[in-house]
Trainee: 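Mind having a look at this structure? Questions to follow.
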Amino acid sequence: MKSRILIAGGYGLVGSTIARHVRKVSKDVELILAGRNPEKGAALAQELGGATTAHLDVADSARGLREVGPIDLIVAALQDPGDSLIHAALAQGIAHIGITKLAEDIAPITFTALRTPPKRPIVLLGHWQAGVLTLVARKAAEVFSRVDSIQVAGLFDARDPIGPMTTGDVEHFVGRALLREAGNWAWVDATRHARHVRLSEESVVQGVPMSVLDVPSLAAITGAANVRFDFLQGESLGTRAGRQASHDLYIDIEGLLRDGKRASRRTVVSDPSGNAHLTALGVLVAIERVLGLDGRPAAGGGLHLPETLVDPDEALVRFKQFGVQVVGDV
C-alpha cells in the first residue's frame with residue numbers, strides 16, 4: 001500500500017524542496033501539497049507526478065485533513081502556533097514531522113505526548129537545517145572520549161534564495177537564547193552574548209546565539225558542559241569561490257580524544273544548493289525512517305528527535321548523495 005504524505009506549506013520554498021527530495025528517493029509515495037492557496041502548487045504537483053494539492057488552514061486543520069482522506073504522515077513546513085496539526089496527528093494516529101519549534105516552544109506538546117503517548121512518531125525537528133547539524137555533530141564527536149565544549153553555527157548568505165527573507169526576520173527569532181555554560185543552563189539576551197567565529201584565515205564574523213533544539217540535543221548526546229549555536233551572516237563558501245551561494249555549518253568541538261590527548265576539531269558542512277535544499281534533506285532522512293522508506297520497518301510511535309530516530313552514518317551517506325560536502329573528522 002502506498003504511503004500518503006501531506007506537506008503543509010508544500011508549495012513554499014522549503015516545502016516544495018522536501019517534495020522534490022521525496023520524489024527522488026521514492027516514485028510510489030503519494031504527495032499532497034497543502035496550504036491556503038492550493039492553486040499555487042498545481043504546477044509542482046504536475047511536475048512531481050503522483051501528487052495533488054489541497055486546501056489547508058492551520059486555524060481549521062481538522063476540516064482540511066478530513067477532506068484529503070487517510071494519510072500516513074504530516075510534514076509541517078510552516079508555522080503552527082497552536083500545534084493544531086500535531087494534535088490532529090495524535091488524535092488520528094498519524095505521524096508528524098515539524099521543523100519550526102524552538103526550545104521555548106516544545107513544552108506544551110511534550111506534556112501532551114506524555115499524557116497521550118503517540119501511536120505514530122511525532123518528530124521534533126526544530127534543529128538547524130531540520131537536524132542535519134546535530135546528526136553531523138554527533139558523528140564528529142565520536143572521536144572524543146570526553147567533550148568539554150561544542151560550538152556550532154549556521155551561516156546565511158544574502159545571495160541564497162532564502163537569505164533575504166531570513167535576514168529580514170532575524171530580529172523576530174533572535175531574542176532570548178538557550179546556552180549551556182559551565183554545566184548550567186542559561187537563558188540570555190542574544191544580542192549581549194555575541195561570539196566571533198573564524199571562518200577562514202581572512203574571515204571572522206560575529207554570530208548571535210539562538211535557542212534551536214541542537215543545543216539541548218548536543219548537550220544530551222555529548223555531555224558537554226558548554227554548548228551553543230550561533231546564527232551568522234556573511235559570504236558563504238560558494239560565493240567566495242565564485243559560485244552560487246551555499247549554506248554552511250561550522251562545528252567546533254574541544255575535549256579529550258580516545259587516546260587521551262586534548263584536541264580541538266572542526267567539521268564544516270556545505271550545501272552548494274543552499275539553505276532550503278539542506279533543510280529539506282534533514283526532513284527527508286526523517287521521512288525515510290518514519291515510513292520505512294529506507295528498507296527497514298517503519299519507526300514506532302513516541303516523541304522523537306533526529307538523534308533518536310536517524311542513524312548518523314546513513315544520514316551522511318544520503319546527504320552526500322545529494323551533493324552536500326562534509327570536511328572534517330566524520
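From a predicted model like this one, the values you see are computed outputs, not experimental measurements.
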Trainee: Tell me which donor-acceptor pairs under 3.5 Å the side chains of residues 85-94 have, and how far apart each pair is, sequence neighbours excluded?
Mentor:
none

Trainee: Listed by chain and number, what are the side-chain hydrogen bond (donor to acceptor under 3.5 Å, both in side chains) partners of Gln151, not counting sequence neighbours?
Mentor: Arg195
Trainee: Tracing side-chain links under 4.5 Å among I, L, V, M, F, W and Y, which residues wind up in one group with Leu179?
Mentor: Val188
Trainee: For a 4.5 angstrom cut-off between non-hydrogen side-chain atoms, does Val22 reach Ile287?
Mentor: yes
Trainee: Which pairs pass salt bridge (charged side-chain N to carboxylate O under 4.0 Å, His left out) with one or both residues in residues 250-262, sequence neighbours excluded?
Mentor: Asp148-Arg262, Asp252-Arg266
Trainee: Kindly indicate whether the side chain of Thr267, heavy atoms from C-beta on, has any atom under 4.5 Å from the side chain of Val326.
Mentor: yes
Trainee: Kindly determine whether Asn226 and Ser149 satisfy side chain to side chain donor-acceptor pair (under 3.5 Å), including the steps that lead there.
Mentor: CA-CA 5 Å; Asn226 299 281; Ser149 170; 5.3 Å; no
Trainee: Could you name each residue pair satisfying side-chain hydrogen bond (donor to acceptor under 3.5 Å, both in side chains) that touches residues 38-61, not counting sequence neighbours?
Mentor: Arg20-Glu47, Ser61-Ser84
Trainee: Which other residues belong to the hydrophobic cluster containing Leu256, where Ile, Leu, Val, Met, Phe, Trp and Tyr are joined when side-chain heavy atoms lie under 4.5 Å apart, directly or via other members?
Mentor: none
Trainee: Can you tell me how far the CG atom of Asp214 sits from the CD1 atom of Ile221, to the nearest 0.5 Å?
Mentor: 9.0 Å
Trainee: Where is the tightest heavy-atom contact between Pro121 and Ala299, given as atom of each residue plus distance?
Mentor: CG-O, 3.7 Å
Trainee: With heavy-atom distances below 4.5 Å as the criterion, would you say the side chains of Leu232 and Phe156 are in contact?
Mentor: no
Trainee: Name all pairs fulfilling the salt bridge (charged side-chain N to carboxylate O under 4.0 Å, His left out) condition that reach into residues 97-121, sequence neighbours left out, sorted by first residue then second.
Mentor: Asp83-Lys101
Trainee: Side chains of Ile99 and Leu124, heavy atoms from C-beta outward: is any pair under 4.5 Å?
Mentor: no
Trainee: As an exercise, state the distance from CD1 of Ile74 to CD1 of Ile97, rounded to the nearest 0.5 Å.
Mentor: 10.5 Å
Trainee: What pairs meet the ring pair (Phe, Tyr, Trp, His ring centres under 6.0 Å) rule with one or both residues in residues 178-216, with sequence neighbours excluded?
Mentor: none
Trainee: Taking only residues at least two apart or on different chains, which pairs with a member in residues 288-311 satisfy salt bridge (charged side-chain N to carboxylate O under 4.0 Å, His left out)?
Mentor: Glu288-Arg318, Arg289-Asp294, Asp294-Arg296, Arg296-Glu314
Trainee: Once side-chain hydrogen bond (donor to acceptor under 3.5 Å, both in side chains) is applied, do any residues pair with Thr17, and if so which ones, sequence neighbours excluded?
Mentor: none
Trainee: Enter the distance from Arg36:CZ to Leu78:CG here, rounded to the nearest 0.5 Å.
Mentor: 9.0 Å
Trainee: Is it the case that the side chain of Asp160 and the backbone of Asn275 share a donor-acceptor pair, with hydrogens and angles ignored and the cut-off at 3.5 Å?
Mentor: yes
Trainee: Any chance you could lay out the side chain to side chain contact (heavy atoms under 4.5 Å, CB included) test for Val324 and Val269, step after step, and finish with the verdict?
Mentor: CA-CA 7 Å; Val324 176; Val269 180; 3.6 Å; yes
Trainee: Applying ring pair (Phe, Tyr, Trp, His ring centres under 6.0 Å), which residue pairs with at least one partner in residues 257-315 are found, sequence neighbours left out?
Mentor: His21-His277
Trainee: Please determine whether a side-chain nitrogen of the Lys or Arg among Lys139 and Asp313 lies less than 4.0 Å from a carboxylate oxygen of the Asp or Glu.
Mentor: yes
Trainee: Hey, are Arg240 and Ser200 close enough side-chain-wise for a donor-acceptor pair under 3.5 Å?
Mentor: yes
Trainee: Between Arg4 and Glu30, is there a side-chain N and carboxylate O pair less than 4.0 Å apart?
Mentor: yes
Trainee: Evaluate the side-chain proximity of Val283 to Leu281: yes if any heavy-atom separation is below 4.5 Å, no if none is.
Mentor: no
Trainee: Would a line drawn from the ring center of Tyr250 to the ring center of Trp128 be shorter than 6.0 Å?
Mentor: no
Trainee: Of all residues at least two apart in sequence or in a different chain, which pass the ring pair (Phe, Tyr, Trp, His ring centres under 6.0 Å) check with Phe319?
Mentor: none
Trainee: Just how far is it from atom OG of Ser236 to atom CG of Asp248, taken to the nearest 0.5 Å?
Mentor: 5.5 Å
